[in-house]
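Everything below concerns the one structure shown next.
Here the structure is a predicted model, which is why all the values come from computation and not from measurement.
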Amino acid sequence: MAEQQEHSNNKDEHAVAVAHGSVPVNDENDADFSLSDRSTRELNQAISNIDNGVNVSVSAQTSKPRRNVSYADITSSNTTISGYSNTSNTNSDSNSTIFTRNNKRKMKPRTSQTDSVPSNASGGSGIRPSSLWARMGQESSLWETVSDLNNDDYDERGEKKICCTTSTRCVNCTQSIGPWLRSTLKTAISTPSIILTCLVLFISLVVCGALIIYGFETAESDSRKQKAVSVAELTDFFFVQVLEKAFSPLFTIAQFVKELPEFHMLDVMVGDRNDLFSQVGAPLLAGKEDSHRNLTNLFQSEYGQTIQKKFDRIAAGIKANSGLGKSLVSIQLAPKGVLTNIYPMINCKDFADIGQPCLDNTGAWGLDLMHDSFSQNTAFETVVAEEAQAVIVGPLNLIQGTNAFIGQLPINFDDEEDEERMHQNHSMVVDGVEYHEKHSMVVDGVDYPCWGFASVLLNWQRLKEESNIYKDFGAERMQFKLTRTDVTPSGQETVVTIAVSSNSHLIANDNITLALNAGNNGWVIAVGYDDGFNPNYKAWAYPILICSAFAFTILMMLVLVSKTQHERLLLNLMPARAIRKLRMGQTVVERYSMVTIFFSDIVGYTNMSSEMTPIEVMTMLNSLYSKLDLLAKKHDVFKVETIGDAYIAVAGAPNKCSGPRAAEKMTLFALDALQTVKDFHTEDGARIAIRAGLASGPAVAGVVGSSLPKYTLFGDTVNFAARMEQTSEKMKLQISPVTHRMLLDAPNYHFEREERRGEDGEMGVMIKGKGRQYTYWVTTASEGVHEKDSLLPTAGSNLQLMGNMDEDNINAREQTTDVNVEQVVAQDGQV
């Protein structure tokens, strides 16, 4: 019985190896056909010679004589190749068909060893029809039918092509973007930490960016305002300088009047219309009695002509040396506030180059400023002003028809000087009329010792051009509006615009105002930019900020998704504890006192794989084992790996738990796996069956190697679990004695078990290296605490829990149970 079981195990292991293509297939006489190192070298040399057109032979280390193999025998289309079918399975039903395929490629009948095979022209002998190499060479079209394995970027030799067409590259790119995008979005949505991190990052970027933009906007606004103030102050400085220069001719005229005796009696001769001497003064001008005095008689006299000539000569010199150039268009004297002397009377020279008409002062001659409604306020202000304090107003629209500044300076005589002159009896007779020197002007009932005042006119148009106010503001893309405030006799204030830029309406609501020092009537300038002081960052900065923040957030999300996917992939390959140790460069070695290991494989996998294309086999295994992976996650067991059709899992490691709890979880997983396989079918309706086995005991887990590291289990328990699967039966779950004992103490479930007995009724099964072991079938599980049964052998029986093992098996058991960490790689039970 033991020999038969051993032979069955050897045949089953050999079938699995054939399915993976790791050893050659036996011929009809079951003679071993294995290539030694020497044979491998000869085969490589033969292939090299075949490429050069040389017929060679390959010798194999077998029990049969050497056979010659010709390249023509392999490649000839007339060669008959037979398939190989291995249906040996000790515990499976050999008469039943496990895997069926309808309307698929049928297995070719096995050709007898004596069948003749045509030889090539060079006389080479035929090859065995059952040879694995010949079968794979003949069925090369099998791979060509799998379109998914084609790769246009590589040639037939597997080398990367030098060039690739744009259309092909675009198609491949388009086909890969969809799955990548779906995977990325799925990972991001299923991971709240990624969404939260990206949301916080996006808000932070937008807020920080907005603050930075606001800072730049504020700084730019302050800079613009400062620039506007600077240009306005330069304008103010220019006009202040001009008006200060205007004080010089006024002061000079006043000094001449005081120093030249001829001018002392002029105010007395003009007279004041309100005093008793008005009858001897200049009469009122007919038709303009309210505003003008008739000076014709006075200036037709010898005195008047002398005064006029002297004044013209003095005024011409003052104008030429004033430094005001053509801006100073008129110098005037106004004794008693009446304009008596004007230079020049008609001025065309100063207006010819700016396209303005001549300044004709004829209509202003004899104007009584003290009684003219337009000039009265300025005249009163001048009379009451302190000496050497000029009054400058304007620009005003004068009766001469021009827009000009008016500058006036009072000419005062001290009271002591007047008394001295009166004691000296200063008087003058003109046209038989005697005039006594008395300097006095009355304003609001107050008598001021004022002779009159000197006056100058400054051309406002000329001053604006010389100030470059339009150029300076235009160069900075600024608009301005210059105004003055006039006070009417009734005390009402009127704001008058005296200079304005072309687009001043743009700064109606966004400007700064600055009070200028020029003028005595409240000059104010409003300055602003075409687009305002606040730069229009909202039009482009904020959209760029939002787009940049979104793009950076997407990039961060891609990084986080990639990191998460990488971590999940690593966690699917090995426990988090092992990953941390590997990252720190440590060796991963973990001991577990009690784990339960699951092994399973597909019954009839060899026949199945021979009738299916590789991609079909892979698709089928992936579909099945993906379901088992979900079960592993459900029952909190760790999937170790899959080797071909074998599925390996463990409970109690790497997440430690008690031995009964680990056995319970692993058994529940195994029962669900059997049910899943029972319900599973391939795309063409075919069904499969598996064998499953469990074993419990100590084990060592670790990661071996640095290249392609893999979390692996070591120990005798691993080997025992593999034997439990190999000796199991179709769609049954076999458990070891220790697992059976653990299930008796399962905390949450009760498991129905059956003793395994052979055809002769003998309990247990022979296990390679362990002898007879008393194993059990697990059929069902139910929730709830159960009563302990008597399926476990008693101490009084001749049966032992771990089986009857001879001395050699006992020594082997002791060697494999006490695992040495330094010999982890060399263990017989390595997965």
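Although no hydrogens or angles enter the test, the distance criterion places no donor-acceptor pair under 3.5 Å between the side chain of S223 and the main chain of A219. Side-chain N or O atoms of H292 include one that pairs as donor or acceptor with a backbone N or O of G363 at under 3.5 Å. S322 places a side-chain N or O within 3.5 Å of a backbone atom of L324 that can act as its donor or acceptor partner. T483 contributes no side-chain N or O that, together with a main-chain N or O of V495, makes up a donor-acceptor pair within less than 3.5 Å. Within the 3.5 Å criterion, the main-chain N or O of I498 finds a donor-acceptor partner in the side chain of W460.
Between D530 and Q479, the side chains place a donor N or O and an acceptor N or O closer than 3.5 Å (distance only, hydrogens not considered). N341 and Q308 share a side-chain donor-acceptor pair at under 3.5 Å. Using modelled atom types, one finds a donor on one side chain and an acceptor on the other under 3.5 Å when comparing Q565 with S183. Side-chain polar atoms of T218 and E220 form no donor-acceptor pair below 3.5 angstrom. Judged by distance alone, the side chains of S291 and D368 never bring a donor and an acceptor atom under 3.5 Å apart.
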**Message:** Between K319 and D350, is the salt bridge (charged side-chain N to carboxylate O under 4.0 Å, His left out) condition met? List the steps.
**Reply:** CA-CA 12 Å; K319 183 178 184 306; D350 294 334; 3.0 Å; yes
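Classification of R462 and D353 as a salt-bridged pair holds, one side-chain N sitting under 4.0 Å from a carboxylate O. At a threshold of 4.0 Å, the pair D222-K227 does not count as salt-bridged, since none of the basic side-chain nitrogens sits closer than that to a carboxylate oxygen.
A heavy-atom distance below 4.5 Å is not found between the side chains of L339 and L295. Side-chain atoms of W451 and V257, non-hydrogen and from C-beta on, do get closer than 4.5 Å to each other.
Of the inter-residue distances, the one linking S375 atom OG with Q408 atom CD reads 7.5 Å to the nearest 0.5 angstrom. The CZ atom of F351 sits 8.0 Å away from atom SG of C358, with the distance rounded to the nearest 0.5 Å.
Around OH of Y542, the count of heavy atoms belonging to other residues, nucleotides or ligands within 6.0 Å exceeds 12. Other residues, nucleotides and ligands place no more than 12 heavy atoms under 6.0 Å from the CZ atom of F552. In Y214, the OH atom is not crowded: 12 or fewer heavy atoms of neighbouring residues, nucleotides or ligands sit closer than 6.0 Å.
Separation of the F239 and W523 ring centroids falls under the 6.0 Å cut-off.
Ring planes of F202 and F550: perpendicular class, angle over 60° (limits at 30 and 60°).
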